[in-house]
Undergrad: 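A single structure is presented below for examination.
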There are 2 protein chains.
Amino acid sequence: MTELASSASAPRGRPRSERSHRAILDAANEILEEHGFVDLTMDEVAQRGGVSKATIYRWWPTKGTLVFEAFTANFLARQPTPNTGSLRGDLLGALRNWIKTVKGTVTGRTLVALIAEVQRDPDLAEIWREHFVTSVRTQHRVMIDRAVERGALSPDVDSDVVLDLVYGSAYHRLLQSHLPLTERFAQNVVDTVVAGLQMDRAGPNGNVKMT
Amino acid sequence: MTELASSASAPRGRPRSERSHRAILDAANEILEEHGFVDLTMDEVAQRGGVSKATIYRWWPTKGTLVFEAFTANFLARQPTPNTGSLRGDLLGALRNWIKTVKGTVTGRTLVALIAEVQRDPDLAEIWREHFVTSVRTQHRVMIDRAVERGALSPDVDSDVVLDLVYGSAYHRLLQSHLPLTERFAQNVVDTVVAGLQMDRAGPNGNVKMT
DNA sequence: TATTTATGGTACGATACGTATCGTATTCTT
DNA sequence: AAGAATACGATACGTATCGTACCATAAATA
């Protein structure tokens with residue numbers, strides 16, 4: 001990304017300190033665990049990482065972008081896409097993974113805080129959509145594509161709507177906190193969606209014109 | 001709330017200025033329209049409302065609570081619960097109302113900002129759940145109860161999950177902005193959910209133990 | 001009239017983001 | 001070896017904005 005012709009010519013000046021890079025991200029993750037996003041201050045990241053604040057701002061324009069990078073790799077690694085042979089099994093497995101990752105965890109609290117921050121910072125919102133939402137959804141969409149390939153699902157099904165139904169309802173409970181993310185909830189959601197999709201192969205999703 | 005025995009004894013000192021009360025809420029709504037939640041400052045509310053900042057903080061402990069009150073009545077008034085005689089018609093009508101209210105509007109931007117603020121302020125979160133989420137959901141649940149009464153839906157259906165599916169997916173698109181809130185989206189969501197619920201009267205929601 | 005409560009005006013404390021400056025360090029180029 | 005380019009740590013500062021403190025005054029009751 002930074003330099004495509006890496007072997008041809010090395011960059012001119014002093015190279016970026018990989019040690020500082022890691023120290024900053026590690027410090028950010030530490031503070032996130034201890035205090036959470038709102039009470040994480042850039043001064044503390046600098047102090048604990050043994051770096052200057054100028055160095056942080058040289059590479060991350062805002063607090064949000066820093067926390068985003070500290071968070072993302074960690075989160076994505078915990079979201080493998082299951083492959084159980086059935087749509088129901090895949091969706092339920094994926095939703096269970098997600099719940100386990102976010103429910104009552106630092107990761108979950110940081111996820112919530114980042115979604116909140118995204119609503120306040122348009123620049124971060126763009127990064128969020130392109131580097132988080134898009135990649136997660138691309139991964140998740142595989143489950144639906146496989147079901148179509150197996151012939152278990154009509155190709156006319158709108159995979160975006162399927163993902164919105166499953167994950168939208170889950171994010172809803174995470175953000176509104178009106179009800180807990182239980183195993184029963186996961187099963188009800190997946191069962192209802194899968195039933196709704198398989199009802200008619202031509203499909204409820206073809207009913208678009210029926211008002 | 002403030003004084004139950006209103007007729008028996010009037011409160012002792014100078015009464016609250018209803019003029020200032022309204023001026024503060026009006027100013028807040030004005031600024032929300034012009035600048036949005038993040039750039040709304042309490043000083044500007046005070047200045048534009050012709051009141052002192054101390055007066056604002058006497059009645060609203062935080063910026064979030066003030067904006068919440070300025071927003072809520074306005075929003076709730078725009079969310080009537082349709083009664084079309086069918087579950088599909090009701091849910092689709094309600095979802096269309098919601099989309100119309102939030103898509104590309106000041107109300108929508110303020111809703112988003114308040115949900116973000118709720119994630120940062122636990123006190124506001126409690127008010128939000130009790131005075132917004134709960135009342136909206138109570139209203140919406142009527143649509144499902146009516147379907148059960150008509151015999152169109154099993155009483156075993158978990159109405160909370162139904163609401164989470166329909167509104168969760170919609171809030172998901174509002175907050176993540178990955179895809180637009182189109183008419184087609186609304187129809188797909190409602191059709192899939194309704195189909196999933198009616199598939200088997202005993203129901204997908206009875207499948208809880210089947211893993 | 002005394003007491004109680006609310007108001008407007010304003011100054012101030014606290015916090016924290018993000019910028020600016022400076023001398024120094026590390027690397028490549030010539 | 002000298003110079004150019006870039007990164008680094010330290011630190012002070014500007015800026016914004018929330019929320020509090022204090023005052024004299026206004027409006028109501030007892």
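In the text below, chain A, chain B and the rest are named by the order of the sequence lines, each starting its count at 1.
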Undergrad: Cationic tip of A:Lys63 within the cone over A:Phe37's six-membered ring, i.e. under 6.0 Å and within 45° of the normal?
TA: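 That pair qualifies as a cation-pi contact.
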Undergrad: Please determine whether a side-chain nitrogen or oxygen atom of B:Trp60 lies at a distance below 4.0 Å from atom OP1 or OP2 of D:dG19.
TA: no
Undergrad: How many whole angstroms separate atom OH of A:Tyr57 from atom C1' of D:dG14?
TA: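 The answer, rounded to whole Å, is 13 Å.
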Undergrad: Can you measure A:Gln47 atom CD to D:dG9 atom C1' for me and round it to whole angstrom units?
TA: 13 Å
Undergrad: Please determine, for the side chain of B:Met42, which listed nucleotide (D:dC18, C:dT21, D:dC8) has the closest atom?
TA: D:dC18
Undergrad: Can you tell me if the side-chain N/O atoms of A:Thr55 get under 4.0 Å from OP1 or OP2 in D:dA7?
TA: no
Undergrad: By nearest atom, which of the nucleotides D:dC8, D:dC22, C:dA6 is closest to the A:Arg14 side chain?
TA: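 Nearest listed nucleotide: D:dC8.
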Undergrad: Have a look at A:Leu40 and say if it touches a base, only the backbone sugar-phosphate, or nothing, with a 4.0 Å heavy-atom cut-off.
TA: sugar-phosphate
Undergrad: Starting from C1' on C:dT15, measure out to CG on A:Asp43 and report it in whole angstrom.
TA: 10 Å
Undergrad: Roughly, in whole Å, what's the span from CZ in B:Arg58 to C1' in D:dC18?
TA: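 The distance from CZ of B:Arg58 to C1' of D:dC18 comes to 18 Å, rounded to the nearest Å.
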Undergrad: Which nucleotide, C:dG8, C:dT19, C:dT7, lies nearest any side-chain atom of B:Ser17?
TA: C:dT7
Undergrad: Output the single nucleotide from C:dA16, C:dG8, C:dT29 whose closest atom is nearest the side chain of B:Arg19.
TA: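 Of C:dA16, C:dG8, C:dT29, C:dG8 is nearest to the side chain of B:Arg19.
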Undergrad: For A:Ala46 and A:Lys53, work out which heavy atoms get closest and say how close.
TA: CB-N, 3.9 Å
Undergrad: With ring-ring contact (aromatic ring centres under 6.0 Å, His included) as the test, would you mind laying out the steps for B:His21 and B:Trp60 before giving the verdict?
TA: CA-CA 11 Å; B:His21 185 167; B:Trp60 294 277; 5.6 Å; yes
Undergrad: If you find the nucleotide of DNA chain D closest to B:Thr62 and the one closest to B:Gly13, which residue's nucleotide is nearer the 5' end?
TA: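 Its nucleotide being nearer the 5' end, the pick is B:Thr62.
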Undergrad: List for me each residue that meets side-chain hydrogen bond (donor to acceptor under 3.5 Å, both in side chains) alongside A:Asp26, sequence neighbours excluded, and say none if there are none.
TA: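 Partners of A:Asp26 under the side-chain hydrogen bond (donor to acceptor under 3.5 Å, both in side chains) test: A:Arg22.
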Undergrad: Which whole-number value in Å describes the distance from A:Lys63 NZ to C:dC17 P?
TA: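 So the NZ-P distance, A:Lys63 to C:dC17, works out to 5 Å.
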Undergrad: Can you identify which nucleotide, out of C:dA6, D:dG9, C:dG8, has its nearest atom closest to the B:Ser20 side chain?
TA: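 Within the option list, the nearest is C:dG8.
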Undergrad: With DNA chain D as reference, determine whether A:Lys53 or B:Val38 sits nearer its 5' end, using the nearest nucleotide of each.
TA: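 Of the two residues, A:Lys53 wins.
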Undergrad: Rounding to an integer number of Å, can you tell me how far B:Leu66 CG sits from D:dC18 P?
TA: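 Those two atoms, CG and P, are 11 Å apart.
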Undergrad: Classify A:Ala46 by what it touches in the nucleic acid, base, sugar-phosphate, or nothing, heavy-atom distance under 4.0 Å.
TA: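 Counting heavy atoms under 4.0 Å across all strands, no contact is made by A:Ala46.
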Undergrad: Without decimals, in angstroms, what is the distance between A:Ile56 CD1 and C:dC17 P?
TA: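 Distance check: A:Ile56 CD1 to C:dC17 P gives 10 Å.
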Undergrad: Is it the case that more than 12 heavy atoms not belonging to B:Gln79 sit under 6.0 Å from its CD atom?
TA: yes
Undergrad: Starting the side chain at C-beta, find the nucleotide from D:dG9, D:dT20, D:dT6 nearest to A:Ser52.
TA: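 My answer, after comparing the listed nucleotides, is D:dG9.
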Undergrad: Return the value, rounded to whole Å, for the distance between atom CG of B:Asp121 and atom C1' of D:dG19.
TA: 13 Å
